[in-house]
Structure formats: C-alpha cells, structure tokens
Amino acid sequence: MQRLSGVDASFLYLETPTSHMHVAMTGIYDTSTMPNGYSFEAFKEHIRSRLHLVPPFTRRLVEVPFQLHHPVWVEDPNFDLDYHVRRIAVPAPGGRRELAEIAAQIASVPLDRNRPLWEAWVIEGVKHDRIGFVAKVHHSAIDGAAGAEIMTALYDLEPSPPPRPLPESVEPEHVPTDLELVAYAVRSRLTRLPGMLPLLGRTVQSINNIVQNRRDPLGKVGAVPLTAPHTPWNAAIGPQRRVAFARIDLDEAKAVKDAFGVKLNDVVLAVVAGALRTYLDQRGDGVPDDPLLAVCPVSVRTEDETDAGGNRVSAMFTNLATDIDDPTERLRQIAHNTEGAKSEHNALGARMLTDWGEFAAPRTFGLASRLYSSMHLADRHRPIHNLVISNVPGPPFPLYLAGAELVAAYPMGPVMEGAGLNATVLSYRYSIDFGFMADRDLMPDVWDLAAAVNTAFEELRSAAGRKSSASTSPKAPATDPAAAANAPATDAVAAKTPSKKAPVKKAPSKKAVAKKAVAKKAPAKKAPVKKAPAKNAPVTA
C-alpha cells in the first residue's frame with residue numbers, strides 16, 4: 001500500500017466529466033524488425049512479461065472513507081491484462097491524420113478508477129505496414145520523468161534482447177479495510193501537521209523574495225497568471241478531443257540554438273509561438289496585442305527519486321512574445337522571459353507546490369473543481385493561461401517494443417479547464433515530435449496549427465542562417481568598405497547537406513533512457529552541439 005502524494009492526488013481532484021487528467025503517447029512502429037513477424041499477441045505478451053517492472057500498471061486506487069486523506073495505491077487482486085491491452089484498426093488510407101483521429105477518440109474517454117489507471121491500444125492498418133500504439137496513463141501515476149522510467153522498463157535497445165530473469169513470486173497484497181484506512185489517514189495527518197508552520201514560514205519568505213525581485217529594476221521576472229489575452233481556445237471545455245502531430249529535425253533545432261546562444265527549450269517555445277501566430281492569422285482572429293502566456297511544467301525530481309514514480313513536478317509561467325513580429329527578436333525575448341520565469345520559480349522554491357499539496361483537503365479540492373467546470377466559470381474571467389507547453393527529453397537511440405522499432409513518438413498532455421490546448425514535445429533520435437491535444441469544439445482545425453510548426457521553424461532556420469553567415473564571412477580590408485557590403489551570404493542552417501546517418505550503437509545499459517544518454521552518430525555537416533537537448537528542457541506531464 002502506498003499513499004498518493006498531494007500533487008499526485010491533485011490530478012484526481014482536478015478531473016471532471018469534461019477534463020480528463022491522463023497523459024498519452026501515440027507511437028508509430030516498424031514491424032519488419034519483429035523477429036517472428038507482427039502479431040497482436042506478441043505485443044500483449046511482451047507487456048505481460050514487463051508488468052513487474054512497472055508498478056503503476058498493476059495498482060488500483062482505494063479511496064479513504066470520508067475522504068479524510070489522499071487515496072492509496074494497492075495491488076489489484078483482480079488484474080486483467082485483456083482489459084488494458086486492446087486492438088483496433090485505423091481507417092484507410094492509414095496516415096497520420098487517421099491515426100490521430102483514433103488517438104483523439106481514445107483520449108476523449110476517461111479511465112475507469114476501479115481498475116489500474118492505464119490502457120494501451122494496438123492500432124493496425126497504418127501505412128507502410130506499420131502499426132500505431134496509443135498508451136494512456138493517468139497523470140496521478142506518472143509525470144514526464146516517470147514516463148521515461150516506464151519506457152526504460154517496457155522498451156528494449158535491440159529487436160531480440162536476451163531473456164530477462166522471471167520475477168520472484170510474491171504473496172498477494174492485503175487490501176486494507178475501511179478501519180485500517182481511517183487509522184492510517186489519521187496517523188499520516190498527525191505526522192505531517194508539525195511541518196505546516198515551517199512550510200508557512202518558508203512560503204512567506206519565498207513570496208517576499210519574489211516581491212523584492214519585482215521591485216528591482218534589474219530583476220528578471222516571469223509572467224503573471226490571469227494576464228493572458230483571450231483566444232478562440234480559451235473557454236470552458238467539453239469532453240471530446242482532437243489530436244494533431246508535427247515534426248522538426250533535432251540537429252537543425254540545435255543549430256538554431258547555437259546560432260542565437262539560447263536553450264533548446266527556448267527554440268521549442270519560439271516554434272510554438274510562431275505557429276500560434278500563423279494559426280490565428282489564418283483564422284482571421286488576428287494576433288492579440290498582449291503576448292500569449294504558457295504554463296511550462298518543470299521537473300523537481302532529485303537523483304534519489306529517480307525510481308520513485310508519481311509526480312515530482314512544479315510549473316512556471318512564461319509569455320511567448322507573440323506580440324513581436326520578427327522571429328529573431330521573438331526568440332531572444334522568449335529566452336529572456338524563460339530566464340525570468342526560472343528565476344522566480346527558484347525564488348518561490350522548487351518543492352513549494354508539492355509540499356503544500358500534502359495539506360490539500362480532498363473533498364474541498366474536488367468539489368471546487370467540479371463546481372468551476374459545471375458552471376462554466378472559465379468563460380467569465382480573463383484566462384489564467386493560454387496553453388500548456390511541455391518539453392520532455394527522450395533518448396537519442398532507437399527503442400524497440402516487442403521487437404518493433406519505434407519510428408515516431410507523439411506525446412499528448414491533458415487540456416485544462418479554460419485552456420483547451422496542450423502542446424507536448426518529445427525529442428527522439430534525430431527528431432523533435434510535437435503532439436497537440438485540443439478541445440474538439442474550440443479547435444476543430446488543430447491540424448492547421450500543426451502545419452504551421454514547420455513554417456515557424458523555417459523562419460528561425462533562415463534567421464539563424466543569416467546570423468551564421470554574417471559571423472563567419474571573411475571581413476574585407478578596412479580601406480575597401482564596398483567589398484564588405486557586397487560580400488555574399490549563405491544560409492548555413494537552411495541549406496541541408498544530405499548525409500546518411502550512421503546506425504546508432506547500442507546503449508550500454510537500460511538506465512540510459514531515463515538518464516538521457518547521448519548516442520554517437522556519424523559526422524554530418526551540421527553545427528556542433530555542446531549539450532544534449534535534455535539538459536535544457538523542462539519536464540512534464
């Protein structure tokens with residue numbers, strides 16, 4: 001038995017009939033690498049063989065009577081794998097749009113709280129003899145880093161790995177009685193109570209730090225909630241979803257990062273910001289005068305908590321500088337904004353949100369969420385934020401599920417009440433994959449936003465190419481200014497030199513996925529990279 005942390009439980013309390021608090025990923029797999037060819041049973045049996053390595057897959061919730069405390073996880077004595085692993089076919093022609101429609105339908109259905117909170121759908125009929133695989137897990141069980149740990153357990157680093165040792169048989173876990181749950185809840189509350197006063201003192205000091213920083217003319221500041229402009233997707237949401245995908249080249253994104261001296265996460269935010277501008281212009285709504293405001297989840301997981309599961313996550317608010325027309329200036333402003341957001345996040349305290357979550361009142365929290373949703377209160381005030389943008393670092397080497405090679409991985413995060421759009425990003429091998437989850441009625445044309453991703457990225461690549469050319473072209477003699485003025489410029493970033501990437505070597509250990517190990521690649525004519533992208537990106541849900 002394990003009690004949910006306050007942050008884990010908050011995702012249960014935030015869930016309403018229209019707001020589903022699960023995270024998901026749509027993967028595309030090449031089945032030609034499977035040793036014995038594709039079969040649905042092979043996928044299901046592979047998952048069965050790894051269940052002992054993924055505790056959230058076999059645990060279900062048990063509520064404490066009278067909601068005296070957060071629920072607890074217990075091993076499900078009636079676990080049924082057939083309920084959780086299912087099969088469906090995508091309609092012809094089986095492209096990304098058809099796959100996304102299936103993923104949206106799966107994401108529109110809440111998980112059954114009487115069973116372990118996850119599902120996996122094998123989707124047959126995808127183009128080029130590939131299959132889709134949609135997995136969804138409740139956010140109360142995992143965050144972005146915990147999701148990487150699940151990938152470590154489920155995936156292999158080669159199509160035919162050596163057999164793993166079988167788990168030792170264990171006695172079924174005792175399901176606690178109501179009396180035991182009440183006694184456990186009371187003890188837990190009493191144990192935590194002495195920590196409230198020190199936490200209150202730290203909170204007052206943290207708020208004072210932020211106030212002093214904002215009074216300092218040279219202080220770096222982040223965005224403020226409830227200052228976001230209205231957009232078509234900022235309204236009370238419904239239960240149905242739409243999904244769209246996009247992809248950009250990872251090495252080219254690194255080249256943009258290096259050209260401007262910013263973080264890779266700043267480039268991702270700038271790409272989303274540029275895509276949103278294009279999307280709003282094409283709709284005819286126009287870009288708001290005030291910059292759009294994004295919530296970016298930030299991992300606060302320590303090395304000691306690597307295998308702890310659950311959520312170790314906080315959040316920072318940053319504006320996306322969408323009021324700036326020039327993509328170069330927009331990127332620089334976003335980099336400045338994220339520095340301020342990180343500074344205030346650190347001043348507040350990385351664990352402040354998780355610490356206060358332990359004292360949340362389950363009944364009050366849950367009632368407030370349902371009341372806010374049912375009364376459509378999100379329509380009656382300025383948006384708290386415009387969207388959530390999560391950047392999850394993934395492995396730079398290939399992964400295999402039941403022997404099938406993962407070709408693309410599109411993550412999908414939940415939309416929040418009042419903000420019917422979520423953009424979740426995952427780096428994998430040579431690409432950065434974007435998964436957009438949107439309210440079906442507020443953003444029926446979410447594929448137009450996905451299409452604008454490459455337009456926004458091309459603007460940044462062109463700007464980086466001009467900057468690179470200006471900094472590397474030879475200077476003319478001081479006595480001949482005309483020569484300098486007429487020096488030819490080349491687009492060093494935009495002009496891709498075709499080069500076949502060498503096969504990636506097998507990573508030295510399975511923990512490499514969670515630790516974001518960097519795989520070696522054959523030299524290519526691209527900008528040198530000084531850091532792995534994972535170091536620069538905040539992690540989510």
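These numbers come from the heavy atoms of this one structure, side chains and all, not from hydrogens, waters or symmetry mates.
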Run Arg187 and Glu180 through salt bridge (Lys or Arg N to Asp or Glu O under 4.0 Å) and show every step you take. CA-CA 11 Å; Arg187 287 197 304 270; Glu180 289 172 329; over 6 Å; no

Does the pair Glu41 and Lys44 meet the rule for a salt bridge (Lys or Arg N to Asp or Glu O under 4.0 Å), with working shown? CA-CA 5 Å; Glu41 291 300 325; Lys44 188 166 67 174; 3.7 Å; yes

Could you tell me which non-hydrogen atom of [X] sits nearest to which non-hydrogen atom of [Y], and how far apart they are?
| X | Y | value |
| --- | --- | --- |
| Ala153 | Leu53 | CB-CB, 3.7 Å |
| Val388 | Met416 | CG2-CG, 4.1 Å |
| Asp379 | Ala236 | OD1-N, 2.8 Å |
| Val415 | Met21 | O-CE, 3.8 Å |
| Ala450 | Phe245 | CB-O, 3.4 Å |
| Gly238 | Asp439 | N-OD2, 2.7 Å |

Is the shortest heavy-atom distance from the side chain of [X] to the side chain of [Y] under 4.5 Å?
| X | Y | value |
| --- | --- | --- |
| Ile389 | Leu320 | yes |
| Pro414 | Asn422 | yes |
| Asp290 | Thr227 | no |
| Pro229 | Leu292 | yes |
| Leu426 | Tyr410 | no |
| Tyr428 | Pro396 | no |
| Leu12 | Arg113 | yes |
| Leu387 | Val272 | yes |

Distance check, rounded to the nearest 0.5 Å: [X] atom [atom1] versus [Y] atom [atom2]?
| X | Y | atom1 | atom2 | answer |
| --- | --- | --- | --- | --- |
| Tyr184 | Leu179 | OH | CG | 15.0 Å |
| Leu406 | Asp156 | CG | CG | 12.5 Å |
| Met412 | Thr424 | CE | OG1 | 9.0 Å |
| Thr318 | Leu293 | OG1 | CG | 7.5 Å |
| Leu181 | Ser188 | CG | OG | 12.0 Å |
| Ile237 | Leu421 | CD1 | CG | 11.5 Å |

ring-ring contact (aromatic ring centres under 6.0 Å, His included) with Trp121: which residues, sequence neighbours excluded?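 Expected list: none.
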
Side-chain donor/acceptor of [X] to backbone N/O of [Y], under 3.5 Å:
| X | Y | value |
| --- | --- | --- |
| Asn386 | Asn234 | no |
| Thr322 | Pro291 | no |
| Arg115 | Tyr83 | no |
| Ser49 | His46 | yes |
| Ser369 | Tyr13 | yes |
| Arg382 | Ala228 | yes |
| Gln240 | Arg440 | no |
| Ser108 | Arg241 | yes |
| Arg3 | His70 | yes |

Please step through side-chain contact (heavy atoms from CB on, under 4.5 Å) for the pair Arg164 and Arg50, ending with a clear verdict. CA-CA 9 Å; Arg164 296 193 180 193; Arg50 304 294 172 87; 3.4 Å; yes

Taking the six-membered ring for Trp, are Phe43 and Tyr29 parallel (under 30°), tilted (30 to 60°) or perpendicular (over 60°)?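 Taking Tyr29 first and then Phe43, their aromatic rings stand perpendicular (interplane angle over 60°).
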
Please verify the inter-ring angle class for Trp118 with Phe57; under 30° counts as parallel, over 60° as perpendicular, anything in between as tilted.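 Parallel, since the angle between the ring planes stays under 30°.
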
Worked check of side-chain contact (heavy atoms from CB on, under 4.5 Å) between Glu15 and His20: CA-CA 6 Å; Glu15 192 162 52; His20 317 309; 4.2 Å; yes

Can you confirm whether the side chains of Ser19 and Glu417 place a donor and an acceptor under 3.5 Å from each other?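 There is no such pair (donor and acceptor under 3.5 Å, judged by atom type) between the side chains of Ser19 and Glu417.
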
Verify whether one side chain among Asp266 and Thr338 offers a donor that lies under 3.5 Å from an acceptor in the other.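 Short answer, yes.
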
With side chain to side chain donor-acceptor pair (under 3.5 Å) as the test, would you mind laying out the steps for Glu119 and His22 before giving the verdict? CA-CA 10 Å; Glu119 292 175 2; His22 47 250; over 6 Å; no

My understanding is that only residues two or more places apart in sequence, or in another chain, count here; which of them pass side chain to side chain donor-acceptor pair (under 3.5 Å) with Asp433?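 In terms of side chain to side chain donor-acceptor pair (under 3.5 Å), with neighbours along the sequence ignored, Asp433 is linked to Arg247.
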
Could you give me the CA-CA distance, side-chain angles and deciding distance for Trp233 and Val446, then say whether side-chain contact (heavy atoms from CB on, under 4.5 Å) is met? CA-CA 10 Å; Trp233 61 85; Val446 67; over 6 Å; no

Compute the ring centroids of Phe79 and His84, then answer whether they are less than 6.0 Å apart.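 Yes, they do, as the ring centres are separated by less than 6.0 Å.
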
side-chain contact (heavy atoms from CB on, under 4.5 Å) for Ile88 and Val134? Distances and angles first, verdict last. CA-CA 10 Å; Ile88 195 172; Val134 176; over 6 Å; no

Would one find more than 12 heavy atoms of other residues, nucleotides or ligands at under 6.0 Å from atom CZ of Phe66?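 Counting other residues, nucleotides and ligands, CZ of Phe66 stays at 12 neighbours or fewer.
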
